[in-house]
Structure formats: structure tokens, C-alpha cells
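Each ligand, and each atom within it, is numbered from 1 in the order the structure gives.
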Amino acid sequence: MLRNGPDTFGWVTIFLHWTIALLIAGLLVLGYVMTRPDIDPALQFNLFQWHKSLGFTALGLCIIRVLWWLAGKHPAAVAGLSVTERRASFLVHILLLCLTLAVPVTGWALASVSTLDIPSFYFNLVVIPHLPLEKSAVAEALWTTTHAVLAYSLAGLVLMHAGAAFHHHFIRHDAVLVRMLRNRWRDG
Ligand code: HEM
Ligand code: HEM
């Protein structure tokens, strides 16, 4: 089934969840590696372009994901979760959705205000226009810091979120992780 059911995630949610998770994990590593001070400048330029192309892809998929999340129904929580656990997981999911939009948008902003004015080539196919923001060294420093802080906060939240999923799977032996891996599952 493509859509979410009363207690299952549909294939669209599952596909978007794991594709975005992979992309974001890759972007976090790439972002960290490409900003090391001792990196070769030619390699750095290429890695920046890859980072921007993959980052725009993540942004597109995250917009689709948020619209899908807003439009569709949400499966009921797995049996056995306390009210506090349900509230905490809901809050973390909302925060994850917000950060997956905010991180690429702040990346786009920092590329747009840079005084170097380097175009963002989307996989060498088209140029993605800059956001209409004023270019200045101060604005660049501000957006760079905002992008880095939000990106590493997202990394921390993802680690917590994945840790919770593994805790449910290996310690509590419930269906929390399994139902994000396949559309049909049996409890217990
Ligand atoms: C979900 C998507 C994204 C993630 C997870 C991400 C993550 C990161 C991380 C971890 C860094 C290194 C920060 C540091 O250590 O200083 C970084 C740097 C950077 N990101 Fe992103 N990024 C994303 C999307 C984007 C997008 C869409 C763009 C531009 C269109 C972008 C442009 C940049 C640039 C130019 C830098 C280098 C900043 C500098 O000069 O230090 N990022 N990103
Ligand atoms: C960048 C990485 C990730 C992001 C942005 C992310 C985001 C989200 C969001 C927004 C939801 C809520 C889904 C919905 O209600 O439609 C969710 C659910 C879930 N995620 Fe992730 N996730 C990431 C990585 C991971 C990883 C690495 C794991 C496990 C190892 C994981 C396991 C799960 C599970 C099991 C659920 C279902 C929870 C439930 O039944 O309510 N996620 N994730």
C-alpha cells in the first residue's frame, strides 16, 4: 500500500524516510569533510558543488515529505508506549521535519549571500538562482554559523532518534523499527 494505514506506514513514507535519511547522513559527512582547513582547494570546490546539488535534492524531497505528512493520516502509536513516550516521539518527529527544511534553506542562504558569488550548479545541469538576499561578509558569516549549528543539531537529534529506534527493536522487541522498514508486519 502506498498510503499510511491505521497502524502501518505506506511505501511512500517508507521510501521518503530512508532516502532522506541516507542523503542527510551523506551531507553531514560531506559538509564536515569539505570544510576541513587542510583540504586541497580544487577538491574542495568539487565537494562544495556536490554538497549543494545533493543538498537541493534533500530540500526537494523534504518539501514533498512534509506535504505528504501534512496531507496523509498518521498511523496510531505502537501498543505499549506511554503517553510521555508518544508525546516525546511526536515532538522529535516535528523537530526533525523542521530541521530537514531549515538546514538546506540556510545552506542556500549562505551560498546566496557569499561575496564570492559562486553559482550553484545543480549536478552541472542547471544553475539554481540565489535567494534575493544582500551579499556581505557579515551575512555570510552569520548564515554559515547558522547552517553549521542547525546541521550539527540535526545530527545530534538523528542520533537520539536512531538510538530510540534501536532501543525499541533490540531491548523492547516491539514493532517501532520494523514498521518503518516494511509495509506489512505482525506484532509480537
Ligand atoms: C540537509 C541538507 C544539508 C546538510 C545536512 C548540510 C550539512 C552541512 C555541514 C555539516 C556543513 C559543515 C559545517 C562546518 O563544519 O562548518 C555544511 C557546510 C556547508 N553547506 Fe551544507 N548542508 C545541507 C544543505 C546545503 C545546501 C542546500 C547548500 C547550498 C545550496 C549548502 C551549502 C553549504 C556550504 C557552502 C557549506 C560550507 C560553509 C563554509 O564555508 O564553511 N548546504 N553543510
Ligand atoms: C536524517 C535522518 C532521519 C530523519 C530526518 C528522520 C525523520 C523521521 C520522521 C520525521 C519520522 C516520523 C514519520 C511520520 O510520522 O510520518 C520518523 C520515523 C521513524 N524513524 Fe526516522 N529519521 C531519520 C533517520 C532514522 C534512522 C537512522 C532510524 C533507525 C535506525 C530511524 C527510524 C525511524 C523509525 C523506526 C520511525 C517510526 C517511528 C514511529 O513508529 O512512530 N530514522 N523519522
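The part of R36 lying near ligand 1 is the side chain, judged by heavy-atom distances below 4.0 Å. Residue P104 touches ligand 1 through backbone and side chain together, judged by heavy-atom distances below 4.0 Å.
The L97 neighbourhood of ligand 2 comprises atoms 10 (C), with distances under 4.0 Å to a heavy atom of that residue. Close contacts between ligand 1 and Y152 involve ligand atoms 10 (C), 12 (C), 13 (C), 14 (C), 15 (O) [criterion: under 4.0 Å to a heavy atom]. Within the listing of ligand 1, atoms 18 (C), 19 (C), 20 (N), 34 (C), 36 (C), 37 (C) sit less than 4.0 angstrom from a heavy atom of M34. In the vicinity of T144, heavy-atom distances shorter than 4.0 Å reach the ligand 1 atoms 38 (C), 39 (C), 41 (O). Per-residue contacts place F56 under 4.0 angstrom from the following atoms of ligand 1 (heavy atoms of the residue considered): 27 (C), 30 (C). Distances below 4.0 Å separate heavy atoms of G55 from the following atoms of ligand 1: 24 (C), 27 (C). Interface atoms of ligand 2 facing T100, defined by a heavy-atom separation under 4.0 Å, are 5 (C). Residue W108 approaches ligand 1 through these ligand atoms, each under 4.0 Å from one of its heavy atoms: 28 (C), 29 (C), 30 (C).
Of the candidates G163, G10, A21, A58, the one placing a heavy atom closest to atom 3 (C) of ligand 2 is A21.
From the protein, the heavy atom lying nearest to atom 9 (C) of ligand 2 is R65 NH2, 3.4 Å.
Residue contacts with ligand 2: V78 is excluded, as none of its non-hydrogen atoms falls under 4.0 Å. Contact analysis leaves H74 out of contact with ligand 2, as no non-hydrogen atom separation drops below 4.0 angstrom.
Counted within 6.0 Å of CZ on R172, heavy atoms from surrounding residues, nucleotides or ligands total more than 12; the atom is thus considered enclosed.
In this pair, H161 and H17 present their aromatic rings tilted. The plane angle is within the 30 to 60° band.
Checked against a 3.5 angstrom limit, the closest N/O atoms of K52 and ligand 1 fall outside it.
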